[in-house]
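For ligands, and for the atoms within them, numbers begin at 1 and follow the listed sequence. Because the structure is predicted, anything quoted here is derived from the model rather than measured.
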Amino acid sequence: MKSKLQQTLEKRSKVITAELMPPRGGSPIRSLKIAQLLKDKVHAVNITDGSRAVMRMCSLAMSKLLLENGIEPVMQISCRDRNKIALQSDILGANALGIRNILCITGDSVKAGDQHDAKAVHEFESVRLLEQIQAFNQGIDPTLGELSDKKTSIFAGAAADPSCKNKRSLENRMRKKKEAGAGFVQTQMVMERQNLIDFCEQISNPLEIPVIAGVFLLKSYKNALFINKYVPGANIPENILNRLKNAKNPLQEGIKIAAEQAHDFINIADGVHIMAVKAEHLIPDILEKADISLEY
Ligand SMILES: NC(=O)C1=CN([C@@H]2O[C@H](COP(=O)(O)OP(=O)(O)OC[C@H]3O[C@@H](n4cnc5c(N)ncnc54)[C@H](O)[C@@H]3O)[C@@H](O)[C@H]2O)C=CC1
Ligand SMILES: Nc1nc(=O)c2c([nH]1)NC[C@@H]1CN(c3ccc(C(=O)N[C@@H](CCC(=O)O)C(=O)O)cc3)CN21
């Protein structure tokens with residue numbers, strides 16, 4: 001059975017996804033309460049895997065907990081923390097647990113995080129991870145020819161940054177991801193609409209790969225400066241920084257900016273992915289202000 005995300009993209013309807021960071025502790029209760037708020041507002045909830053190289057509960061466990069609560073997960077897998085045997089076993093385990101969507105990413109350097117002495121593995125990068133999922137979906141065993149206990153059925157996605165200056169390298173990398181089986185692209189937070197338009201027109205549309213555009217809630221001017229400094233690939237421009245700096249209520253201004261972007265980007269791309277770190281409860285408000293919903 002195909003995931004809701006895959007089915008929606010295949011029938012060319014717009015998708016809405018939201019990002020949820022797993023808990024920093026042993027209890028999922030708080031995160032699940034937030035997930036409940038998103039339940040009927042998005043097609044799927046994306047669970048990060050040690051994003052920014054900061055420790056959190058594993059994406060596999062949190063994705064399974066979402067499934068148990070009737071919410072479709074997109075499990076992120078980063079290649080930073082596990083060798084290929086561990087990555088392979090997590091893919092098989094995710095499939096067995098009913099997780100149908102996996103977002104494959106290379107993973108930020110441990111230097112981006114708060115445990116700089118952690119060992120980075122990086123045996124695979126995003127394209128090799130996608131190739132591995134494609135092989136499992138075809139029933140191919142890494143050493144024995146054929147998987148003895150059935151193939152997997154995973155809808156794999158990739159990340160991309162439409163603001164990447166080197167368009168040729170962006171296109172080459174995207175083509176490799178498509179060839180490796182990527183069925184969708186989730187973008188880095190988009191701050192300049194023209195970058196998204198160019199990416200869709202020049203790269204993703206010709207490759208026939210659907211794009212879910214990243215929208216990131218900036219909670220304040222200080223938060224935007226933090227994101228620019230600590231999130232690799234983030235580049236929040238002057239005009240947005242100034243809006244936050246001059247706003248009487250910066251959080252409301254951030255919600256307004258995110259809503260404007262979501263409203264705009266959903267018509268450029270195939271959907272939007274809303275990220276609101278430590279403020280996921282505000283996602284329904286952003287969607288309402290953007291005037292978009294599941295039936296958009
Ligand atoms: N090892 C290799 O074989 C190769 C490595 N590279 C380099 O490795 C690095 C990683 O490249 P890729 O695997 O293409 O990166 P990736 O597939 O993990 O991510 C692509 C871009 O998406 C953004 N991103 C990261 N995490 C994201 C998330 N959770 N949601 C949305 N967007 C996110 C980042 O801006 C990133 O640059 C790059 O610097 C690339 O030039 C490039 C070619 C080959
Ligand atoms: N390179 C890259 N790595 C990522 O992990 C990533 C992206 N890009 N782009 C899309 C989203 C954005 N991500 C983010 C962005 C910000 C925080 C962050 O600010 N985390 C702080 C919390 C700050 C707060 O309290 O608001 C932290 O301490 O973890 C975490 C993940 C994860 N994703």
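Shown here, atom 18 (O) of ligand 1 is in close reach of the protein: a heavy atom of it lies under 4.0 Å off. Protein heavy atoms are absent from the space less than 4.0 angstrom from atom 8 (O) of ligand 1. Protein heavy atoms are found inside the 4.0 Å sphere centred on atom 14 (O) of ligand 1. Within the 4.0 Å cut-off (strictly below), a protein heavy atom is located near atom 33 (C) of ligand 1. Protein heavy atoms come within 4.0 Å of atom 23 (C) of ligand 1. Inside a 4.0 Å radius of atom 40 (C) of ligand 1 there is not any protein heavy atom.
Between the CD1 atom of I236 and the CG atom of N228 there is a distance of 4.0 Å, given to the nearest 0.5 Å. Taken to the nearest 0.5 Å, the NZ atom of K278 stands 7.0 Å off from the NZ atom of K219. How far CD1 of I286 is from NZ of K41: 13.0 Å, rounded to the nearest 0.5 Å.
If you check the side chains of E171 and Q202, you find no donor sitting under 3.5 Å from an acceptor. Inspection of the N249 and E253 side chains reveals no N or O donor paired with an N or O acceptor under 3.5 Å. Side-chain N/O atoms of N101 and Q6 include no donor and acceptor closer than 3.5 Å.
Nearest heavy-atom pair across A159 and V185 is C-CG1, 4.1 Å. Scanning both residues, A269 and K14, for their nearest heavy atoms gives O-NZ, 2.7 Å.
Distance from atom 29 (N) of ligand 1 to its nearest protein heavy atom, with residue and atom name: Q76 OE1, 3.6 Å. Atom 30 (N) of ligand 1 has Q186 NE2, 3.5 Å as its closest protein atom, hydrogens excluded (heavy atom only). Of the protein's non-hydrogen atoms, D161 CB, 4.7 Å is the one closest to atom 36 (C) of ligand 1. The protein non-hydrogen atom at the shortest distance from atom 26 (N) of ligand 1 is I105 CG2, 4.0 Å. At the top of the distance list for atom 3 (O) of ligand 1, counting protein heavy atoms only, stands E125 CG, 3.5 Å.
With a 4.0 Å cut-off on non-hydrogen atoms, Q188 touches ligand 1 through its backbone as well as its side chain. Residue contacts with ligand 1, taken as heavy atom pairs separated by less than 4.0 Å, do not involve R128 at all. With a heavy-atom cut-off of 4.0 Å, A160 touches ligand 1 through its backbone alone. Contacts of H273 with ligand 1, taken as heavy-atom pairs under 4.0 Å, are absent altogether.
Close N/O approach between T106 and ligand 1 is found [any backbone or side-chain N/O within under 3.5 Å].
Within the 3.5 Å criterion, the main-chain N or O of V15 finds no donor-acceptor partner in the side chain of T8. Judged by distance alone, with hydrogens and angles left aside, the side-chain atoms of D264 form no donor-acceptor pair with the main-chain N or O of E260 at under 3.5 Å.
Within the structure, ligand 1 has T187 among the residues with a heavy atom less than 4.0 angstrom away.
By the rule that hydrophobic residues join a cluster once side-chain heavy atoms approach within less than 4.5 Å of another member, L38 and I255 end up as members of one cluster.
Listed by number with element, the atoms of ligand 1 under 4.0 angstrom from any heavy atom of K177 are 12 (P), 14 (O), 16 (P), 17 (O), 20 (C).
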Hey, what polar pairs (N/O, under 3.5 Å) does ligand 2 make with protein?
residue, atom, partner, partner atom, Å
ligand 2, 1 (N), D108, OD1, 2.9
ligand 2, 1 (N), P232, O, 2.8
ligand 2, 3 (N), D108, OD1, 3.4
ligand 2, 3 (N), D108, OD2, 2.6
ligand 2, 5 (O), R52, N, 3.4
ligand 2, 5 (O), D108, OD2, 3.4
ligand 2, 8 (N), Q188, NE2, 3.0
ligand 2, 9 (N), Q188, OE1, 2.6
ligand 2, 20 (N), R52, NH1, 3.2
ligand 2, 26 (O), K219, NZ, 2.6
ligand 2, 29 (O), R52, NH1, 3.3

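Around atom 43 (C) of ligand 1, the closest heavy atom drawn from H122, R173, R52 belongs to R173.
In this structure, L170 and N166 have side chains that are not in contact, with every pair of non-hydrogen atoms separated by 4.5 Å or more. In this structure the side chain of I34 reaches within 4.5 angstrom of the side chain of R30, judged on heavy atoms. Contact annotation: the side chain of I47 never approaches that of M75 to less than 4.5 Å [non-hydrogen atoms, C-beta and beyond].
With respect to E125 and K176, no salt bridge is recorded, no charged nitrogen being found less than 4.0 Å from a carboxylate O.
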